[in-house]
Structure formats: structure tokens, C-alpha cells
Amino acid sequence: RARNLTFKLVLLGDGRVGKTSLVLRYVNNVFSEKQETTVQASYLTKRLVIGGVPITLSIWDTAGQERFHALGPIYYRDADAALLVYDITDTDTFLRVRKWVKELQQMASKDIVMVIAANKSDLIRSKNYDIQGAESYATTIGAKLFLTSAKSGTGINDVFLDIAARLLQK
Ligand code: GTP
């Protein structure tokens, strides 16, 4: 294997679902209640070691606002993985995930790794909140679903580790 494996990861999802917050929690371990809307996209890298193998994730955090939708292909083109994010308290944002998945299935690399994050899980009080529908949908597209909270930190490492592990298996 090459010494420094670099993979391109793109985050996609509706506006305000917490894409930037997830990345900033993961890379810098910070969270802001006043995270500003992303314009176009922003770029960060993260190095990690998985199973003794050092890898670099080059992460494209895209703008979720509908007016930026047409820019998607610029960022998911050549992407090795896509992290699809929705807000667990807002079912409309899950529909946007399904829309992105359809687009990726048609336009992106055939073997792109897809993972879904149901974010803002800190806002869910009841433990038996129903995510079964979302989980079985994830299974049908060969993705895994993670409950995350950029606010509390829950699930964040798990998501990125799963992505990295699956990238190494490719
Ligand atoms: P766009 O740039 O518009 O696409 O938004 P985004 O998906 O990057 O969302 P962003 O990270 O900017 O977060 C939007 C708002 O949700 C901010 O006020 C965050 O503080 C808040 N937020 C993000 N993640 C969480 C979370 O896990 N829990 C809670 N309670 N709030 C969150």
C-alpha cells in the first residue's frame, strides 16, 4: 500500500442540519450554537490512523441551501465517500438525503461509500424515537446510519471511523 492514502469525502444535506458542525466537532472538537451558514463549500483535512494505516481525509463541507444545489457535482465528482446528513427532528431534511442519494447513484462513482448521519440526536428525548424507517432505507442503499450530535459529540468518531474503515476495504 501507498504510505499516505488520501480519500475525498463530501458532506451533503439540507441547510442547517449540522454538516459544518459535524466536521468542526470531528476535526477541532468544537461546537458553536451560532454556526454560520456555509456559502458554496469549505475544505478541511483530517489525518487519522486506522488499523495501523495512516490515512488523510480531504473533507468538502458543502452548502445545504437549495440555491447551491447545482454546485453539488463539483464536490461529489471523484468523491470516494459521501456523508449524508439530516436533522433527526425534521423529516423534510430526510427527503433531501434521499434526493442526494438518487443523484449520487446516477452521477457519482459507482463504488462511492455512503454513510447517513441522523444529527441533532441531543434534541430527542424519548429513547425509542423511531429511526427504523431511516435505518432500513440506509440498508437498501448499502449505507450505515449513525445517530450523531455535533453538540454533545455523540456518534461523531464512529461515523468517520466507519467511513475510513470502509474506504480501506475498497
Ligand atoms: P448550511 O451551511 O446552511 O448547509 O448548514 P449546516 O448543515 O452546515 O449546519 P450548521 O453546522 O451550520 O448548523 C446549523 C445550526 O444547527 C447551528 O445553529 C448549529 O449550532 C446547530 N446544530 C448543529 N449540529 C447540532 C446538534 O447536533 N445539536 C443541536 N442541538 N444543534 C446543532
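Numbering of ligands and ligand atoms starts at 1, following listing order.
- Remark: ligand 1 and Ala150 share an N or O pair separated by less than 3.5 Å (distance only, no angle test).
- Within the listing of ligand 1, atoms 1 (P), 4 (O) sit less than 4.0 angstrom from a heavy atom of Gly64.
- At a heavy-atom cutoff of 4.0 Å, ligand 1 is contacted by no atom of Leu22, backbone or side chain.
- Hydrophobic clustering (side-chain heavy atoms under 4.5 Å, transitive across Ile, Leu, Val, Met, Phe, Trp, Tyr) keeps Leu123 apart from Leu145.
- Taking a cut-off of under 4.0 Å to the non-hydrogen atoms of Phe31, the atoms of ligand 1 that pass are 20 (O), 22 (N), 23 (C), 24 (N), 25 (C), 31 (N), 32 (C).
- Enclosure of atom NZ in Lys46 by more than 12 non-hydrogen atoms of other residues, nucleotides or ligands within 6.0 angstrom is indicated.
- Using bins of under 30°, 30° to 60° and over 60° for the plane-to-plane angle, the ring pair Phe160/Tyr26 lands in the parallel bin.
- Hydrophobic clustering of Ile, Leu, Val, Met, Phe, Trp and Tyr side chains at less than 4.5 Å, counting indirect connections, keeps Val17 apart from Leu95.
- The closest approach between a heavy atom of Phe68 and any atom of ligand 1 is not below 4.0 Å.
- Nearest non-hydrogen protein atom to atom 24 (N) of ligand 1 is Asn119 ND2, 3.2 Å.
- Taking 4.5 Å as the limit, some side-chain heavy atom of Pro73 sits within range of a side-chain heavy atom of Glu103.
- Note on Asp162 versus Arg166: salt bridge recorded, some NZ/NE/NH1/NH2 to OD/OE distance being below 4.0 Å.
- Of the protein's non-hydrogen atoms, Arg16 N, 3.7 Å is the one closest to atom 1 (P) of ligand 1.
- Under a cut-off of 6.0 angstrom, the local environment of CD in Glu66 is crowded, with over 12 non-hydrogen atoms contributed by other residues, nucleotides or ligands.
- Nearest protein heavy-atom neighbour of atom 11 (O) of ligand 1: Ser21 OG, 2.6 Å.
- Contact check for Thr154 versus Asp122: no side-chain heavy atoms found under the 4.5 Å cut-off.
- Using the six-membered ring where Trp is involved, Tyr137 and Phe94 have ring planes that are perpendicular, over 60° apart on the 30 and 60° scheme.
- Within 6.0 Å of atom NZ in Lys34, 12 or fewer heavy atoms from other residues, nucleotides or ligands are found, so the atom counts as exposed in its surroundings.
- When each atom of ligand 1 is checked for a heavy atom of Thr38 under 4.0 Å away, the hits are 1 (P), 2 (O).
- For atom 12 (O) of ligand 1, the closest non-hydrogen atom on the protein side is Gln35 CG, 3.3 Å.
- Residue-to-ligand polar distances keep Leu123 apart from ligand 1: every N/O pair is separated by 3.5 Å or more.
- By the 3.5 Å distance cut-off applied to N or O atoms, Gly15 is not counted among the residues near ligand 1.
- In this structure, atom 18 (O) of ligand 1 lies nearest to the protein heavy atom Glu33 O, 2.8 Å.
- Given atom 7 (O) of ligand 1, the protein heavy atom at minimum distance is Lys19 NZ, 2.7 Å.
- Closest to atom 20 (O) of ligand 1 among all protein heavy atoms lies Ser32 O, 2.7 Å.
- With hydrogens left out, the protein atom closest to atom 9 (O) of ligand 1 is Gly18 N, 3.0 Å, a heavy atom.
- Polar contact with ligand 1: present for Asp122 (N/O pair, distance under 3.5 Å).
- Checking Gln65, Glu36, Lys120 against atom 25 (C) of ligand 1, the nearest heavy atom belongs to Lys120.
- Every N/O-N/O distance between Thr148 and ligand 1 stays at or above 3.5 Å.
- Between Leu167 and Ile50, the closest side-chain pair of non-hydrogen atoms is not below 4.5 Å.
- Side chains of Thr20 and Asp61: a donor-acceptor N/O pair is present below 3.5 angstrom, by distance only.
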